Structures are given as C-alpha cells and as structure tokens.
There are 2 protein chains.
Amino acid sequence: MDTAYHEILQRSSNWYLFPTYTGQVSEDIECDVFSSACPSRPVLEDVTGRWGALALGALADGPMRFNELRRHVDGVSQKMLAQSLQALERDGLVLRDVQSTFPLKVEYSLTPTGAVLAGKLLDLIAYLTTSMPTILTAQQTYDEAHTG
Amino acid sequence: MDTAYHEILQRSSNWYLFPTYTGQVSEDIECDVFSSACPSRPVLEDVTGRWGALALGALADGPMRFNELRRHVDGVSQKMLAQSLQALERDGLVLRDVQSTFPLKVEYSLTPTGAVLAGKLLDLIAYLTTSMPTILTAQQTYDEAHTG
DNA sequence: CGGGATCCGTGGTGATACTG
DNA sequence: CAGTATCACCACGGATCCCG
C-alpha cells in the first residue's frame, strides 16, 4: 500500500475515499483492518460500533420498523439510530424498504452479508453474556485493588 | 430488573456501578445487552469499541509488549491504547504482566475468556475482510444514488 | 410514522511534554 | 520503555423543531 494512498485516506476523517478502488474491484486487494488506511476500518466501526452492533443484532430477529427497532435497542436516540442504519445501509448490510403509504412505513432488514455478520455478532454477544459473572467479579477485584 | 436499579445505572455514564451484584453473583441474573441498564453494555463497548476490538485481535497472535501492540494496531495513540487495555484488563479479558527491570517491560496477554472473545472477533473480521469487495461496490452504488 | 435540520454541551480524542 | 498529566479541539450524541 503506497504512501500517497495512505495520506489521502488518513486526511478524510469520517467520510472516506478509496480512489484506487474505483471501477473494477479485483480480489487481490490486501485488506487489513489493522492498517489504519484500509477501507475496512470504518466498516468495522459501523458494524461493531456502539449502536451499529446492537441494530444488527436486533435485526437478526427479523425485519423491523424504525420505532420497533428503537424499542429493541434500548437507549438509542432517533438521531443515532437513523445515522447508524444509514451507515449500515451504505455498507450494503441493511436493506431499507420504504412504503409510501400514510402514515409512512419503513422496514429494515438484513442483507445476506449483513445476516452473516449479525450472526457472528450475536455469537460474540452470547458468549459475553454467559461470561458476565466472571467479568463482574474481575471488575470488582480490579476496582478493589485500584482504590485511590 | 427493578426501576431503582435502572436509574442508578443510567446516571453513571461511563464508570458504571452495579450495587446489586456486590457479594455473591448468582447465575440467574438476566443479562441483556439490548437493555441500556445491563452491565454487559459497557463491556460490549470495551470489546467491540474502536481500539478494544483491534487490541484484542492483535493479542490473539500471542503476548505482546506495549509498543509492539501499538505498531500492530496502526493509528492508535498511546493514550487510547493504554485506556483500552486498562478497560480490558478491568474486565478480566487481558492480563498485564509488569517486569520491573530497566528499561521497563510490560507484557500483555489474553485471559481464557479474552481469548475466546478475540477468536470470535477475528472470525467476524475475517468475514468482513472477504466481504470487502461486495461492501465497496455497495458503498459506491449508494454514494452515486445519493449525489447531492 | 420516519426521519432531516439545527443548536448545543460535553467528553472522547490526539499532541505534546513529563515521570519512573 | 511504558505510561501519566495537561490542554485544546472537534465530533459525538441528545433535545428540539419541523417536514413529507
């Protein structure tokens, strides 16, 4: 990965460009999340980000409307949910189906790729959940040791 | 989960308390990341957060020293890496071994629980990586459709 | 109902410098 | 080498209002 490409990508903080990917996308692209310039970095953040992960996980239950999703992902604001969903839609992980009836009806669902990622996320979350007793005691121990 | 407990937890933004978990931790705790008050929420953020996820993933390669880790996780600042590692250590997912030689030597490694989570993260990352061509074209399509 | 637009606080984040 | 401390800043994220 040459330095010029590096510089271009690092300059754009949130809205990333990948000029070299324009046109045909060959499979011999080296994609490494551990490299800060790789386009996969922001996608990983969309997927594992605070609300993105929960939105994906919730959608694994099946298609859902906006406010329905909002209730599932407890604590998320309208703004952040809309923002996260847009990012996921842009990444081709979430589908947005608008029915222009009145009142407006918008259904969100997972694309095949999104469904796989959601599954892996839920797998991680499930393990995390079962590990919570261990984790909580670890936190207590740590906090007691670091008093002051 | 009663409301009083709910309120206490919601007030603390980042440094969370779980008074009801003090003492013995029974297994019949309902732990649901989708509930904003659940102690697993902040842990999930530690694990899937911007730098936490990459740190865990890097440590799956084996124990590593601080600056070694810093080179692996390209783009992370000292501050954020230290911060992320502390959170993971507090959660009992990362072990910190200090050798008080000179120069100072600190080795980070994964605990058993951390290793499992790291594995699941790497699994997700691997799939994400292979999906990048699809995702990139999806992004292009989206961007072209939303011109203006 | 599902957002977009706007305003605004605060805290997450990085740069720099300093300590053990 | 492995952090901590301080500072300054911008973006995240919430609240509110408004539109289709």
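Note that the structure is a prediction, hence the values are computed from the model and not measured.
For the pair A/R70 and C/dG2, the criterion of a side-chain N or O lying under 4.0 Å from OP1 or OP2 is not met. Taking 4.0 angstrom as the limit, A/Y108 places a side-chain polar atom (N or O) nearer than this to OP1 or OP2 of C/dG3. The shortest distance between the side-chain N/O atoms of A/Q86 and the OP1/OP2 oxygens of C/dG4 is below 4.0 Å. A/R65 has a side-chain polar atom (N or O) that falls below the 4.0 Å cut-off from OP1 or OP2 of C/dG2.
Spacing between atom CD of B/Q99 and atom C1' of D/dG3 amounts to 16 Å, rounded to whole angstrom units. Separating the CE atom of A/M80 from the P atom of D/dA11 is a distance of 14 Å, rounded to the nearest angstrom. Straight-line distance from the CD atom of A/E107 to the P atom of C/dC1: 15 Å, rounded to whole Å. For the pair B/L81 CG and D/dC1 P, the computed distance is 14 Å after rounding to whole Å. Remark: P of C/dG3 and CG of A/L88 are 13 Å apart, rounded to the nearest angstrom. In this structure, CD of B/Q78 is placed 14 Å from P of D/dA5, rounded to the nearest angstrom. Rounding to whole angstrom units, CG of residue A/L85 and C1' of C/dG4 are separated by 15 Å. Residue B/K105 contributes atom NZ, which lies 17 Å from atom C1' of D/dG3 at whole-angstrom precision.
Across all non-hydrogen atoms, the minimal contact from B/L56 to B/A118 is O-CB, 3.7 Å. Residues A/L104 and A/Q99 approach most closely at CD1-O, 3.9 Å, considering heavy atoms.
For the pair A/R41 and B/D74, the minimum side-chain heavy-atom distance is below 4.5 Å. Side-chain contact between A/D91 and B/Q139 is present, with at least one heavy-atom pair separated by less than 4.5 Å. In this structure the side chain of B/L117 reaches within 4.5 angstrom of the side chain of A/Y127, judged on heavy atoms.
You'll find that the side chain of B/K79 is closest to C/dG14, out of C/dG14, C/dG2, D/dG14. In this structure, of D/dG3, C/dG2, D/dG13, it is D/dG13 that holds the atom nearest to the side chain of A/R50. Nearest to the side-chain atoms of B/R96 among the listed nucleotides C/dT13, D/dA2, C/dG3 stands D/dA2. When the nucleotides C/dG2, C/dG14, C/dG3 are ranked by their closest atom to the side chain of B/W51, C/dG14 comes out on top.
Mapped onto DNA chain C by nearest heavy atom, B/G75 and A/F66 fall at different nucleotides, with A/F66 at the one closer to the 5' end.
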